[in-house]
Asks: 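Let me give you the structure first, and then I'll get to my questions.
Counting convention: from 1, in listed order, for ligands and their atoms alike. Predicted model only: the values in this text are computed from it and were never measured.
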Amino acid sequence: MRKCIATVSLSGTLSEKLDAIAAARFDAIEVFENDLIHFQGSPEDVRAMAADRGLGIDLYQPFRDLDAATDEQFRRNLDRAERKFDIMDTLGAPMMLVCSNPTPGAVTDDARIAAQFHALADRAARRNLRIAFEALAWGRHVSRYSHAWSIVKAADHPHLGVALDSFHTLSLGDDPAGIAEIPGDKIFFLQLADAPRLAMDVLQWSRHYRCFPGQGQFDLARFLECVLIAGYNGPLSLEIFNDVFREAPGRRTAIDAMQSLLYLESQTRQRLASAALANPQSSAAQALGRVALFDPPQPPRLDGVAFLEFAVDTETETALGGLLESLGFARAGRHRSKEVSLYQQGDINLVLNAEPDSFARTHFSEHGPSICAMSLTTDDSIRALNRATALNCPRFDSRIGPHELKIPAIRAPDGSLVYFVPAELGSDGLYEIDFDLTARPRLKGVDAGLASIDHVAIGLPVDALDTWILFYRAVLGMQPGDSLELSDPYGLIRSCGVASDNRAVRVVLNVSQSRSTQTARAVTSQGGAGVHHIAFACNDIFATLEKLIENGVRFVPISPNYYDDLLARFDLPTSVVARMRRLSILYERSGGEYFHAYSEPFAGRFFFEIVQRTGDYDGYGALNAPARIASQAQRSAAMAHP
Ligand code: MG
Ligand code: MG
């Protein structure tokens, strides 16, 4: 389907916006009036700039407050519309969006509104332009699409139709099912926006918190399904007002925008296809035959984290290797042709890459010691790669030596790598080709009971959270959980867990709302996104912690007050809480239990978390994160002012 985006959705000057939109391969734009009013050139220039970039101008918007109580006022409104038509002629924009009137002066007589729209459509018809009527969620009299449609129907003019905007419908909790009953050729335009569920004034919600489909919590696929069943086959247009996007780099935003539309098309296609399968005569089946919807390979099944790769230099390799050994890892192998070593414990594989002149070394010089790649075990690594590239993720091809294994890889939004390892390769198959594993027998005896990677936590700049949620959702088929706000001594942090359906892969995304939190400082010192901790799961956290402390691993001390509070909050045996206090183990309970402890950071970059889950606990101990952060903050404050 034709893909369009409103210029208001991106940051930058108009020409920067058009560059970003064209680079992300959109077909067309909606010109938002303010972008034109503030542009230091003529409408002819805008038309030429769009044409130079291969972009059509599908819509000019918005025209406000058309309906009027007096004939005199209405005549003035028509004059005002004629001036806009002049501009549209010059721009080559064929359609104007007129939104419902939110002012106290709004006409409340539907017949009068219909007559006035008919008069406007007549004027538009003389210039071969079309009018699309949009119900704003905060419209004074008309706030729902069904109402806008009844007025359009009554006005009965071929140059007048409705504009649908998913935000206005879904923010009111209105049912989109009725859209399917509107004749498709009377739906003139379709705007798509998602949003997080927020309890706030709908106007403010719309102006500041819209996001791309797949980044919020609305059911956009169901909305689009209804629109397609109606018979609409015009452009899919994104109209996003978002404070963060207004600051974020426009190029990235445009890439996300296109990815979100492709993802939405594929989800909608699936809905239509399953309805068509159930009933080949259904309106869903007909819709499927009418429009060609994006159909990428299915998301991969994720079976776990095969390995994590750290970018190090020779010096940090030694230091990190030492820490891993005290965490119970064994140095199990050495790469046959590169300066890369493998550490193993349980099902955990950690790769330390110190190879000069490699991707890892570039990553190291930019970010210091850090995670540069995450490798996921999948049922079909080629399908996973093909889905990712279909959704516009760049693929990555590494330099490989003779007889070495080639693992498909893509770049995550921050440029780090995600490898797709075929499950059938198994852990042995994966490493025995590239690594000399003769050291492996040493594994026995040093093990501290760490069994698998529970989750990886990534710190992000505030404008990157939506990008990453969309990436995990669209590309990897993972689902975000609730987004939580946590307190840091110096501000607020927003934390959102993303997990595969089977919970074999979990990633926690943390962003700082303030510039002075620990998360913010970690992010800026790493110049972008960065893994700030890795959580290892074990089956007996008490035994594991005893062993690790004996090995000299240092854990973040937790205030005794925390444990007094724990006794008050939960009916835990005092002896257990005393043991937790001695070992700095934190606790949370919700459908099951979560025991966890945090190591001191390595080189000020990242740290490790030791976790044990029981029952159906599905979170990440987020409520305890402030206990860790406060402790770390007190430590650094004490170091700064001894
Ligand atoms: Mg709109
Ligand atoms: Mg964690």
Side-chain angles (χ1 to χ4, degrees), residues 4-9 30-33 58-64 95-100 102 132-139 142-145 148 162-172 187-195 202-203 205-207 210 223 227 235-242 453-459 481 484 486 493 495-499 506-510 518-519 522 531-537 541 555-556 585-588 594-599 601 606-613 617-629 632:
C4 179
I5 185 167
T7 49
V8 71
S9 313
E30 294 178 19
V31 170
F32 200 73
E33 193 171 68
D58 282 6
L59 187 82
Y60 184 78
Q61 72 132 325
F63 187 83
R64 301 183 200 277
M95 194 182 301
M96 180 165 82
L97 182 139
V98 181
C99 48
S100 64
F133 180 29
E134 174 188 58
L136 293 178
W138 54 92
V142 178
S143 60
R144 294 181 184 246
Y145 71 84
V162 291
L164 298 171
D165 180 325
S166 60
F167 181 88
H168 295 306
T169 298
L170 301 176
S171 63
L172 294 179
I187 301 174
F188 277 11
F189 206 73
L190 174 63
Q191 294 176 319
L192 295 161
D194 200 346
V202 68
L203 171 62
W205 188 13
S206 175
R207 293 251 169 101
R210 289 182 177 218
F223 184 88
V227 178
L236 305 180
S237 190
L238 295 165
E239 187 202 30
I240 311 298
F241 307 91
N242 181 301
I453 291 174
D454 183 89
H455 64 269
V456 172
I458 302 179
L484 298 171
L486 313 171
I493 294 168
S495 179
C496 181
V498 183
R506 297 171 179 271
V507 176
V508 177
L509 303 171
N510 291 323
Q518 289 220 326
T519 304
V531 168
H532 66 73
H533 73 267
I534 299 150
F536 298 126
I541 194 167
F555 286 88
V556 173
I585 293 174
L586 297 153
Y587 179 82
E588 206 178 287
Y594 189 73
F595 298 87
H596 58 141
Y598 297 104
S599 80
F606 51 81
F607 53 92
F608 298 102
E609 182 182 359
I610 312 298
V611 319
Q612 183 183 353
R613 292 175 186 271
Y617 183 83
D618 198 27
Y620 305 89
L623 297 179
N624 289 322
R628 161 182 61 81
I629 298 165
Q632 288 171 333

Asks: Ring centroid separation for Phe223 and Tyr145, is it under 6.0 angstrom?
Replies: no
Asks: Look at the rings of Phe608 and Phe536 and say which category their plane angle falls in: under 30° parallel, 30 to 60° tilted, over 60° perpendicular.
Replies: parallel
Asks: Regarding Glu134 and Gln61, do their side chains bring together a donor and an acceptor under 3.5 Å, going by distance alone?
Replies: no
Asks: If you draw a sphere of radius 2.8 Å around the Mg ion (ligand 1), how many protein N/O/S atoms end up strictly inside it?
Replies: 4
Asks: For Ser9 and Leu238, which heavy atoms make the closest approach, and how far apart are they?
Replies: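 Between these two residues, the closest heavy atoms are OG-O, 3.6 Å.
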Asks: Closer than 2.8 Å to the Mg ion (ligand 2), what protein N/O/S atoms do you find?
Replies: His455 NE2, His533 NE2, Glu609 OE1
Asks: Who pairs with Asp194 by side chain to side chain contact (heavy atoms under 4.5 Å, CB included), at least two apart in sequence or on another chain?
Replies: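 Side chain to side chain contact (heavy atoms under 4.5 Å, CB included) list for Asp194, sorted by chain: Cys211, Phe218, Leu220.
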Asks: Applying side chain to side chain contact (heavy atoms under 4.5 Å, CB included), can you list everything that pairs with Ala535, at least two apart in sequence or on another chain?
Replies: Asp454, His455, Glu609, Val611
Asks: Between Ile240 and Leu192, what is the shortest heavy-atom contact and its length?
Replies: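 For Ile240 versus Leu192, the nearest heavy atoms are CD1-O, 3.7 Å.
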Asks: State, to 0.1 Å, how close Met95 and Ala132 come at their nearest heavy-atom pair, and which atoms those are.
Replies: SD-CB, 3.8 Å
Asks: Parallel, tilted or perpendicular: which fits the ring planes of Tyr594 and His596, with parallel below 30° and perpendicular above 60°?
Replies: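 Answer is tilted, since the angle falls between 30° and 60°.
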